[in-house]
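When a ligand or atom number is given, it counts from 1 through the structure's own listing order.
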Amino acid sequence: MKKNREKEIKTLLGRMTLAEKLGQLNQLGGSIYGRVDERGFADMIARGEVGSFLSSVGAAKLNRLQRVAVEKSRLGIPLLFAADVIHGIRTIFPTPLAESCSFDPECARATAEAAADEASALGIRWTFAPMVDVARDCRWGRIIEGAGEDPYLGGLFAAARVRGFQGEGESVDDRHVAACVKHFAAYGAAESGRDYNTVQLSDYNLYNTYLPPYYEGVRAGALGVMTAFNDLNGVPCSANPFLTRTILREGWGFRGAVISDWQSISETVAHRYCTDARDSAAEGLNAGISIDMAAEVYIRYGEELVRSGAVDISVVDAAVADVLRLKYAVGLMDNPYTDESREREGMTRAAYQTALRSAERSIVLLKNDGLLPLKAGARVLLVGALADDRAEMHGAWAARDTAEKTVSIVEGLRACFEVTYRRGYDLDGFCPDFNQALREAPSYDAVLACVGESLFESGEASSKTDVALRPVHREAVTRLFERNPRVAALLVNGRPLDLTGITEKTASILECWQLGTAAGEAVANVVSGKKDPEGRLTTTFPRATGQCPVYYGRFATGRPYNEKDEYTSRYLGVADRGLFNFGYGLSYTAFRYQNVRLACDNGRASDTVSVRLTVVNTGAREGTDTVQVYYAPEFSKPIRPELQLGAFRKVTLKPGESAELEIEMPVERMGVYESPAFTLCVAPGRYEIAVGAASDDIAARLSYTVRE
Ligand code: GLC
């Protein structure tokens, strides 16, 4: 099949004029929220000057545009329709960061597949997802779009989401969409957490912290990769052949389409890297970027660049072949149109159940002095505008035109409890009924205070200089707590926040994130105990913004933190580490790890570390724990993080039940990526294997020796 396809691509290329070739590399459209008016593009499409379109949705509308391309352009090459289906487009799933707290890549695969089903019914054949940027600075609003701070976990979620969007085969059927791993590369390392800012990284950090999730997404078969807005060590990622040729194509063997981010090719002029738009087009093409998203510099300067020799025609042909290969892979060349009857399926019950399952598993219990779960029939006072706002449950990068179908938190809780709702306060201040809420508070079994952020405070171009909970929310929780100490904070937020202002003023804190269409039901299922909270943090919650970036995989330094020694690595007046750290999350029950041991305490790089232990549910309720296995070389040159996640296992146990677990980790996972080809090299020597319930809650430390 592949051989024939390459032959067909070669034949088609041979029939194309240079202008038509450049047309295939030109992507137009608008923002997913901006609802593009496509009528203005019909003439360009008929002239073969547009190869793909972004952010237009709707089977009938896209079929109309497609008919122009297929019937009016000289060669009738179909358009490829793309959109940012990051976590749903009709049924909205939890934000990717929230979902990563499930520590359940299969959950993410399922939501991606459900999103692909709905997107393809709308005519979309390519999603600009998964975003796989490792992020360790919660000042950066786009931390919401990825899978947190850990490269290994990020890689698992990257691969799972690619498989979910594309399906498992080589070709993408009509209920799946091509994926696009983004933003290549290291966009999450933007200096100071300021979006679009420069990224300056050592080779070690580039290869071992930031590149692994892109690599895993490509290895999972992603058909697209998107270049990032930022520069990497002084070279913009949208003009960076070291990234898109040396690493991606030559090192990793990627044969898909590379697309720029929105006008990121022409922005290399603003970077002061390219002298003008013509130069930016040459740099983009010569860097192996197949598609120019929305800058229109390929279509404008391509012919002159080829005629002048600044860009060889073979470079253009290779880019066109990438695009045609993608169009073949998603079936467009055989069937360019979408079955319009599918759109009428709307949001299915199955998709909702998938959303609910993911949402329940994304919730993280951060504190619980026994208030939760609430007993059936409990009388509840629920306060906060976010609790009664369906659209806010969608989070960033999700359309909100289906919000009327979203279950708000108040609606979800009302299905389980006798709830009195008072708006009390919104994002900007107190509401008239807050004093009434204060007066009423003592008479309730529990007060649920919904606090956090608006969806407009995270996502793109949403960096913050202060990630503390907003003062009105801190004050509201404090004053409610003074009236009734049985206060549980329900957090609705996109990024990790500094919660130090409420930890002493609550009995419980439940991280509910922005959970999408099933938000209210998922929150109610956890608050009522119908579902045990099983989420574990995949990104550190700081004690103060000044700690950012803060993450568990830090370096020991020559003066590791010692609270008794001022001349050690710390901040004045702030305790060590985050307030809540990677891997942390509580259950309504308790677990004990016993007899933690290694099946064998030494081996070669080709062997497997096998951790064995007994996990006991010592509490009175069924619960799910995530046993985590970390590693670190005892010594290394150069130095490496003091702890890195290498494996984990979720286990659900009834009260009193125990389970014998064997958790395996390939020895090579403890290695270091050392070259563009991305080979893992494991240094011989002694490694610490740390087993625990969180990065800062280690139950046992074992020693494993890697032999030559
Ligand atoms: C945006 C984002 C990118 C998105 C693209 C198309 O600026 O950076 O993630 O896919 O433009 O909307």
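- Near Asp84, meaning under 4.0 Å from one of its heavy atoms, ligand 1 places the atoms 4 (C), 6 (C), 10 (O), 12 (O).
- Looking at Arg142 next to ligand 1, an N or O pair under 3.5 Å apart turns up.
- An N or O contact shorter than 3.5 Å links His183 to ligand 1 by distance.
- Using a cutoff of 4.0 Å between basic side-chain nitrogens and carboxylate oxygens, Glu460 and Arg142 are scored as salt-bridged.
- When every heavy atom of Ile124 is checked against every heavy atom of Leu62, the shortest pair comes out as N-CD1, 4.4 Å.
- A cation-pi contact, defined as under 6.0 Å to the ring centre and within 45° of the axis, links Arg136 to Tyr551.
- Not one N or O of Tyr187 is nearer than 3.5 Å to an N or O of ligand 1, by distance alone.
- Ring-centre distance between Phe229 and Trp262: not below the 6.0 Å cut-off.
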Donor-acceptor list for residues 293-301 side chains, cut-off 3.5 Å, not counting sequence neighbours:
unit_1	atom_1	unit_2	atom_2	d
Tyr298	OH	Gly284	O	3.4
Tyr298	OH	Leu285	N	3.2
Tyr298	OH	Ile289	O	2.8

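- Note on ligand 1: Glu145 sits outside its first shell, no heavy atom being nearer than 4.0 Å.
- Of all atoms in ligand 1, listed by their number and element, those nearer than 4.0 Å to a heavy atom of Leu54 are 6 (C), 12 (O).
- At a heavy-atom cutoff of 4.0 Å, ligand 1 is contacted by no atom of Met131, backbone or side chain.
- Salt bridge Arg163/Glu168: present, at least one basic N to carboxylate O contact under 4.0 Å.
- Counting the atoms of ligand 1 from 1 in the order shown, those under 4.0 Å from a heavy atom of Asp261 are 1 (C), 2 (C), 3 (C), 4 (C), 5 (C), 7 (O), 8 (O), 11 (O).
- Polar contact with ligand 1: absent for Ser55 (N/O pair, distance under 3.5 Å).
- The Lys182 neighbourhood of ligand 1 comprises atoms 3 (C), 4 (C), 9 (O), 10 (O), with distances under 4.0 Å to a heavy atom of that residue.
- Among residue pairs with one or both ends in residues 122-131, none qualify as side chain to side chain donor-acceptor pair (under 3.5 Å); sequence neighbours excluded.
- Less than 4.0 angstrom separates some heavy atom of Phe128 from each of these atoms of ligand 1: 10 (O).
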So Tyr210 and Tyr187, ring pair (Phe, Tyr, Trp, His ring centres under 6.0 Å) or not? Walk me through it. CA-CA 9 Å; Tyr210 292 94; Tyr187 183 23; over 10 Å; no
